[in-house]
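Numbering of ligands and ligand atoms starts at 1, following listing order. Just so you know, these numbers come straight off a predicted model, no measurement behind them. Just so you know, these numbers use all the heavy atoms, side chains as well, and skip hydrogens, waters and symmetry mates.
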Amino acid sequence: MHLHKYEKIWLLFGIGSLVVFLFVVGYGAFWQGTHPQSHGVTIDPNNIESNEAFKPENLGLTKVDEDEYIINIAASAFYYDLGKDEEGNSVRTIRIPKGSKVLWQAATKDVIHGFHVAGTNVNMMVEPGYVSSLETIMDNPGTYTIVCNEYCGIGHHMMYATVEVYE
Ligand code: CUA
């Protein structure tokens with residue numbers, strides 16, 4: 001079979017691109033351990049309170065060690081439940097010291113929501129039936145808005161909360 005010179009060049013280019021692509025994906029998956037955040041831990045979407053982390057009294061910020069925190073979030077249309085403060089008011093802003101190690105854990109009571117701490121790499125999809133979690137270190141002081149970045153209904157744009165990282 002005779003192949004034209006240009007055909008050979010394009011064929012090699014195509015195969016080469018495929019090899020590079022598979023290598024990049026394989027490197028990410030097998031060496032760097034990149035994988036979807038959720039699907040690890042399941043939860044009853046009709047009763048997320050049955051999971052210890054999502055009981056009303058465990059929502060929001062919990063200090064587990066020096067500079068180490070867990071933040072549990074119950075998402076629902078169109079609200080992030082971050083627990084209550086001492087006066088019984090709903091927490092809308094979470095305050096953590098700079099350099100804190102934070103384990104974010106989110107679950108949804110209804111539809112798919114997003115959980116993105118804008119300006120950081122904390123960005124999770126929150127799917128019914130699963131606990132989404134992500135661990136990060138909050139290094140940069142500032143005020144960050146938590147936004148829902150999955151369209152979840154008429155009040156989607158109203159779904160937000162705030163994180164303040166202080167010095
Ligand atoms: Cu929740 Cu969009």
Other residues, nucleotides, ligands: >12 heavy atoms within 6.0 Å of Y151 OH: yes

message: I'd like the atom name of the N/O/S atom in H156 lying closest to atom 2 (Cu) of ligand 1.
response: ND1

query: Counting only heavy atoms not in Y79, do more than 12 sit closer than 6.0 Å to its OH atom?
result: yes

task: Describe, in one word, how the ring planes of Y6 and H4 are oriented to each other, choosing from parallel (under 30°), tilted (30 to 60°) and perpendicular (over 60°).
output: tilted

message: Could you measure the distance from the CD1 atom of I43 to the CD atom of E127? Nearest 0.5 Å is fine.
response: 13.0 Å

Side-chain donor/acceptor of Y80 to backbone N/O of C148, under 3.5 Å: yes

N, O or S from C148 under 2.8 Å to atom 2 (Cu) of ligand 1: yes

message: Checking one value in my table: which N/O/S atom of E150 lies closest to atom 2 (Cu) of ligand 1?
response: O

Vertex atom 1 (Cu) of ligand 1, arms to M159 SD and C152 SG, rounded to 10°: 120°

query: Is atom 2 (Cu) of ligand 1 less than 2.8 Å from an N/O/S atom of H113, whether that atom is in the backbone or a side chain?
result: no

